[in-house]
There are 2 protein chains.
Amino acid sequence: MSEQGLTIGKLAAAADVGVETVRYYQREGLLDTPEKNDSIRRYDKAALRQLRFIRKAQEAGFTLKEIRELITLDAGEDHQRAFELASIRLSELDKKISEMQRARDSLSKLAQHCACAGKSQPCAILAAFED
Amino acid sequence: MSEQGLTIGKLAAAADVGVETVRYYQREGLLDTPEKNDSIRRYDKAALRQLRFIRKAQEAGFTLKEIRELITLDAGEDHQRAFELASIRLSELDKKISEMQRARDSLSKLAQHCACAGKSQPCAILAAFED
DNA sequence: CTTGACTCCGTACTATGGTACGCACTTTAT
DNA sequence: ATAAAGTGCGTACCATAGTACGGAGTCAAG
């Protein structure tokens, strides 16, 4: 007997996370724990989709707490709040992106003249971030 | 008697961090603790510069551990290693930036048709990150 | 000259996001 | 049919980056 869904191991692998991480998300209420028909729990496509959503949302900088909220919001009808969370995240994402862009530029400038200079002066890295 | 340097409070304020954070950095070996002439420790420009460097480097995504290494490297002569750390960070920064850019796009697309749609369907946020 | 703010230092506690461990099953491959 | 691999659960532990607390001493302004 097999194809009535993924085992936790397969689910985890499909989303490229560890089994322990899946269990952790369950404990945190981000992923629900399916009933067990036999002795082993089986996960369907929806669970995989949700797990993947969690990871994508994390990449967008949402905390697990926020993600939990988004998930409940998705099930309910408080559209407004989800929109709000998304807007906040969007603007913080923009802020973070330009911050990182600036950091990137400083760092690449450093790499530039670190590469051509010999090995004399005190390393320019401390100076690299000075405005 | 005053202007022989900043007090810890002034130092912290000048770098926009908390006093406890400064002490934490000292404990972690990122910032050294100056000798005390009287009963209070005084911090000079170099300390402020270093503290600011720590924050900038954090923005670039370096961990405190790496920053500690960069600082010792700056004092010493292992240019090579500093260059290596910077290169690694640079490429991870690039990776992270495009990841966030992608997340940003998904999110803004969502905000778009979340704004125009009414409040019917299940909120599109779960779908927003699907490739 | 005292009251409130600041400092010093040590230690404890926090949040976030996991990872590991142990033990008792249950599958599955050999 | 037996050993290796996987599952279920509960609990413990981890790193990272701080933040808070308490008590004793010090300094500056009214």
Side-chain angles (χ1 to χ4, degrees), chain A residues 1-44 47 50-71 89 92 96, chain B residues 1-44 47 50-71 89 92 96:
Chain A
M1 238 156 260
S2 48
E3 245 15 89
Q4 70 259 53
L6 302 163
T7 61
I8 195 169
K10 302 291 183 189
L11 174 73
D16 198 35
V17 301
V19 167
E20 294 306 320
T21 302
V22 171
R23 294 201 208 282
Y24 171 67
Y25 291 160
Q26 293 178 326
R27 285 199 299 278
E28 293 300 305
L30 285 142
L31 211 49
D32 45 50
T33 306
E35 295 306 309
K36 36 182 174 175
N37 295 329
D38 46 353
S39 56
I40 266 175
R41 302 185 190 283
R42 297 293 179 159
Y43 298 82
D44 58 14
Q50 185 142 329
L51 182 50
R52 284 186 167 142
F53 167 72
I54 294 168
R55 301 255 90 182
K56 289 288 184 182
Q58 273 187 303
E59 287 180 5
F62 286 106
T63 61
L64 293 186
K65 198 169 162 185
E66 287 167 336
I67 296 172
R68 189 201 298 123
E69 193 180 352
L70 288 173
I71 290 169
R89 193 86 289 280
E92 295 198 340
K96 194 78 189 166
Chain B
M1 241 157 256
S2 46
E3 241 19 86
Q4 71 260 51
L6 302 163
T7 60
I8 194 170
K10 301 292 182 188
L11 174 72
D16 198 37
V17 302
V19 167
E20 293 307 321
T21 302
V22 171
R23 293 201 208 283
Y24 171 67
Y25 291 162
Q26 294 178 326
R27 285 198 301 277
E28 292 300 304
L30 284 141
L31 211 50
D32 45 50
T33 306
E35 294 307 309
K36 37 181 173 178
N37 295 328
D38 46 352
S39 56
I40 268 175
R41 302 185 190 282
R42 297 292 178 160
Y43 298 83
D44 58 14
Q50 185 141 330
L51 182 49
R52 284 188 168 140
F53 167 71
I54 294 168
R55 301 255 88 180
K56 289 288 184 183
Q58 272 187 302
E59 287 180 7
F62 286 106
T63 62
L64 294 185
K65 198 169 163 184
E66 287 166 337
I67 295 171
R68 190 200 299 121
E69 192 179 352
L70 288 173
I71 289 169
R89 194 86 288 278
E92 295 198 342
K96 194 74 190 170

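Every chain is numbered from 1 and lettered A, B, ... according to where its sequence line falls, protein lines coming before strand lines. FYI, side chains are in, hydrogens and waters are out, and symmetry mates aren't considered; it's all heavy atoms of this structure.
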Strictly below 4.0 Å: does A/K36 bring a side-chain N or O up to OP1 or OP2 of D/dC9? yes
Between C/dG10 atom P and B/Q26 atom CD, what is the distance in whole Å? 11 Å
Could you go over nucleotides 18-21 of chain C and give all protein N or O partners under 3.5 Å, atom names and distances?
from	atom 1	to	atom 2	distance (Å)
C/dG18	OP1	A/R55	NH2	3.0
C/dG18	OP2	A/Y25	OH	2.9
C/dG18	OP2	A/Q58	OE1	3.3
C/dG18	OP2	A/Q58	NE2	2.4
C/dT19	OP2	A/T21	OG1	2.6
C/dT19	O4	A/R27	NH2	3.3

Between OH of B/Y43 and CG of B/L31, what distance do you get to the nearest 0.5 Å? 7.5 Å
Roughly how many Å is it from CG in A/N37 to P in D/dG8, rounded to a whole number? 12 Å
Give a yes/no answer on whether the side chain of A/R41 brings an N or O atom under 4.0 Å of OP1 or OP2 in D/dC9. yes
Could you tell me how far apart A/Y43 (OH) and D/dG6 (P) are, to the nearest whole angstrom? 16 Å
Give a yes or no on whether the backbone of B/E28 and the side-chain of B/R68 come within a donor-acceptor separation of less than 3.5 Å. yes
Residues forming a side chain to side chain contact (heavy atoms under 4.5 Å, CB included) with A/D32, sequence neighbours excluded: none
Flag side-chain contact, heavy atom, 4.5 Å: B/Q26 against B/L30: no
Any side-chain heavy atom of A/Q50 sitting closer than 4.5 Å to one from A/I71? yes
Begin from the C-alpha positions of A/Y24 and A/L64 and carry the test side chain to side chain contact (heavy atoms under 4.5 Å, CB included) through to its verdict. CA-CA 11 Å; A/Y24 171 67; A/L64 293 186; 3.6 Å; yes
Report the distance from atom NZ of B/K65 to atom C1' of D/dT16, rounded to the nearest whole Å. 11 Å
Taking atom P of D/dG6 as reference, at what distance in whole Å does atom CG of A/L11 sit? 15 Å
Between protein and nucleic acid, restricted to nucleotides 25-27 of chain C and to nitrogen or oxygen atoms under 3.5 Å apart, what atom pairs and distances do you find?
from	atom 1	to	atom 2	distance (Å)
C/dT26	O3'	A/S39	OG	3.3
C/dT27	OP1	A/S39	OG	2.7

Compare side-chain N and O positions of B/R23 against OP1 and OP2 of C/dC8 and report whether any pair is under 4.0 Å apart. yes
Considering residues, nucleotides and ligands other than A/D38, do more than 12 of their heavy atoms fall under 6.0 Å from its CG? yes
How long is the line joining CD1 of B/I8 and C1' of D/dT19, in whole Å? 14 Å
Could you state the atom-to-atom distance from CG of B/L6 to P of D/dC27 in whole Å? 17 Å
Can you find a pair of side-chain heavy atoms, one from B/V17 and one from B/R55, that are under 4.5 Å apart? yes
Rounded distance (Å) that lies between atom P of D/dG18 and atom CG of B/L31: 13 Å
Any side-chain heavy-atom pair from B/Q58 and B/I67 closer than 4.5 angstrom? yes
N/O (side chain, B/T7) to phosphate O (OP1/OP2, C/dT7) under 4.0 Å: yes
